[in-house]
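Encoded as structure tokens, the structure appears first; notes follow it.
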Amino acid sequence: MAAFIARTCSSSRRCTSLICMIKIHPRLTNGYRFHGSSNTLLLSLNSRGILKDAFPDNAAQDQLPKLLQSGCQTVYCGFDPTADSLHVGNLLAIIGLLHFQRFGHNVIAVLGGATAQIGDPSGKSSERKRLSEGIVEDNTRSIRESIHRIFTNYQLHFHDSSKRLGTVTVLNNLNWYRAMNVLAFFSEFGRHFRMSTMLSRNSVQSRLKSSDGMSFTEFSYQLFQAYDFYHLNKYHGCTIQLGGTDQLGNLMSGYEFIHKVTGEEVYGLTIPLVTSSVGDKLGKTAGNAVWLNRNKTSPFELYQFCLRQPDSSVEWYLKLFTFLPMAEVESLMEQHRLQPDKRLAQKRLAAEITKLVHGKDGLDSAKRGFCWLTVLVSVCCRCTKALYHSNLQALEQMSDVELQELFREAPFHELLLEPGMTVLGACHSADAIPHSPKGYRMVLDGAVWINHSKADRPDQVLTPGIHILSNGLTLLRVGKKNFHIIKWLHFEGGTL
């Protein structure tokens, strides 16, 4: 099966991100309510707006609450590694799994090492570009690390240690397709799927009506996702699948397949999609992704993204993306409404999400970066002084990685610090000014700033503590916004 998939999926694409001001509209509806349920978990998820639909309707209304009440269950959600990082649109699914785990249930995150090479048509207007096996393998490794990091951060910073925490397992579905061949797969399992049902799925119908149509590869995706659920049910006792609303058709295929083959009752729960202000799915395909890996979206950028969210939406995001008790959310919103200019709700949202995704160190890094770009002295007085009063202490506390994240577009240079290095020489070495009399005049005219101090003497030798910080870094600015970050090699403890 792996060879069959690989033959149909050979080329690759590297996705890029764009951080912008995006309003997220969680599609919260009253479509499914657990009014009759005494199950605390389902009531909590529903009150937060995390649940949208459940199926089968009657069984989920009655049997699912009883099942969850009876003891530890196993829940899974799938993530196709079509990029080297998950994005904030995937975070709600992870949080859904975390809610089940914090109530003592076991959770499985399935990475689609096989299905990523096929391509899920759900929510897509055209077929995905094919990914090579090597690219998918690299993406899978990166996303596995990201998921482990988030679950670890939850346990360290959010979990009540007095309560039992369920297990988390990360699997790759390529492992159970690797030994299969296409003939055996379709011969044994394909006969359980009816064409009329498969064709009726919304994801299929929308693509069939499009100008590009739909390939058989994409059409077969629902078979593989259905088999994933069957495999997890058979070998891991998994009875509940969690997915976005765009996955409803695939979830139903899994339920129907298992019911036909084994007769067992399984359940599906959908969570609302996170969309942009124009209603587009907030994900990498839409080109507006905010990533969960630090090398693509820094903790500072994630923090800023949350901080920019409008007052009209922040209460919903606190319910969706944090684990704050509902009473605390309501209290926080009351304070926020009294003093909206302080943006207390946005700051708490930013802190909770950044700490979950990047840990306490990531949150501290984000706050240090935030302090550089804000006039709110109360957040971090020393950093405000560093920006506005030439206090170098905050600069010296930042690592080269944090400076690169803060000034993401700034070139980063590793330069050998030679004896007698001058201001002009440093500018030339960093290619920050022209190597001509014009560059010399730019320094004389005050266009060059080093560590927030004007450096208008071209022949001045660099001085440790002024031009070179104790951490061996120099922040060079030419004009108003052309920054360069210099890391000096062979610089130790403030001596040349």
Side-chain angles (χ1 to χ4, degrees), residues 16-19 291 293-304 358 361-374 380 382-435 439 442-443 446-458 460-496:
T16 58
S17 65
L18 174 65
I19 304 297
W291 304 94
N293 279 13
R294 182 170 188 156
N295 63 336
K296 302 191 74 169
T297 297
S298 70
F300 167 73
E301 289 171 313
L302 177 61
Y303 189 91
Q304 285 291 106
H358 295 294
D361 289 343
L363 176 59
D364 291 342
S365 172
K367 285 184 174 181
R368 282 194 293 269
F370 169 71
C371 293
W372 278 71
L373 302 179
T374 181
C380 187
R382 71 176 186 274
C383 292
T384 305
K385 289 180 180 179
L387 183 58
Y388 294 103
H389 303 290
S390 301
N391 186 328
L392 301 183
Q393 182 183 2
L395 264 180
E396 291 178 321
Q397 292 177 348
M398 299 185 79
S399 68
D400 53 334
V401 173
E402 290 175 334
L403 274 177
Q404 288 180 75
E405 291 174 347
L406 182 59
F407 300 95
R408 185 169 285 274
E409 302 302 321
F412 179 77
H413 313 276
E414 290 186 325
L415 302 178
L416 180 64
L417 182 60
E418 299 176 349
M421 175 69 74
T422 63
V423 170
L424 183 66
C427 292
H428 283 164
S429 297
D431 290 325
I433 61 175
H435 293 253
M442 288 175 67
V443 179
V448 174
W449 293 68
I450 294 180
N451 298 333
H452 294 307
S453 294
K454 186 180 293 186
D456 55 2
R457 296 165 55 192
Q460 182 179 14
V461 175
L462 299 184
T463 304
I466 298 177
H467 303 107
I468 306 173
L469 304 177
S470 61
N471 54 7
L473 297 174
T474 293
L475 182 63
L476 173 65
R477 174 166 63 88
V478 179
K480 293 184 178 181
K481 54 184 179 181
N482 296 316
F483 286 93
H484 294 256
I485 302 170
I486 301 175
K487 181 177 183 179
W488 297 103
L489 304 178
H490 304 302
F491 177 82
E492 298 180 1
T495 61
L496 296 178

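Values in this document were obtained by computation on a predicted structure and should not be read as measured data.
Looking at heavy atoms from C-beta onward, I466 lies out of side-chain contact with S453 at the 4.5 angstrom threshold. Between S429 and E418 the shortest side-chain heavy-atom distance does not fall below 4.5 Å. Inter-residue side-chain proximity for L473 and W488 is flagged as unmet; no heavy-atom pair is nearer than 4.5 Å. Using a 4.5 Å heavy-atom threshold, the side chains of R457 and V423 count as separate.
Shown here for K454 and G446, the closest heavy-atom pair between the two residues is CD-CA, 4.0 Å. Summarising the geometry of Y303 relative to A366, their closest heavy-atom pair is CB-CB, 3.7 Å, with the distance given to 0.1 Å. When all heavy atoms of H413 and A430 are compared, the pair lying nearest together is CE1-O, 3.2 Å.
In this structure, the separation between CD1 on I485 and CG on L475 is 6.5 Å, given to the nearest 0.5 Å. The line from NZ of K487 to CG of L415 is 12.0 Å long, rounded to the nearest 0.5 Å. With rounding to the nearest 0.5 angstrom, the OG1 atom of T463 is 8.0 Å from the CD1 atom of I468. Residue M421 holds its CE atom at 7.5 Å from CG of L416, rounded to the nearest 0.5 Å. Rounding to the nearest 0.5 angstrom, the gap separating the NE2 atom in H358 from the CG atom in N293 is 8.0 Å. Note that CG of L489 is 9.0 Å distant from CG of L417, once rounded to the nearest 0.5 Å.
Partners of D456 under the side-chain hydrogen bond (donor to acceptor under 3.5 Å, both in side chains) rule, at least two apart in sequence or in another chain, do not exist in this structure. Not a single side-chain hydrogen bond (donor to acceptor under 3.5 Å, both in side chains) links H428 to another residue, sequence neighbours left out. Judged as a ring-ring contact (aromatic ring centres under 6.0 Å, His included), and not counting sequence neighbours, H467 has no contacts.
Checked against L476 for a side-chain contact (heavy atoms from CB on, under 4.5 Å), the options N482, V448, N451, I433 give a single hit: V448.
The main-chain N or O of G479 is found under 3.5 Å from a side-chain atom of R477 such that the two form a donor-acceptor pair.
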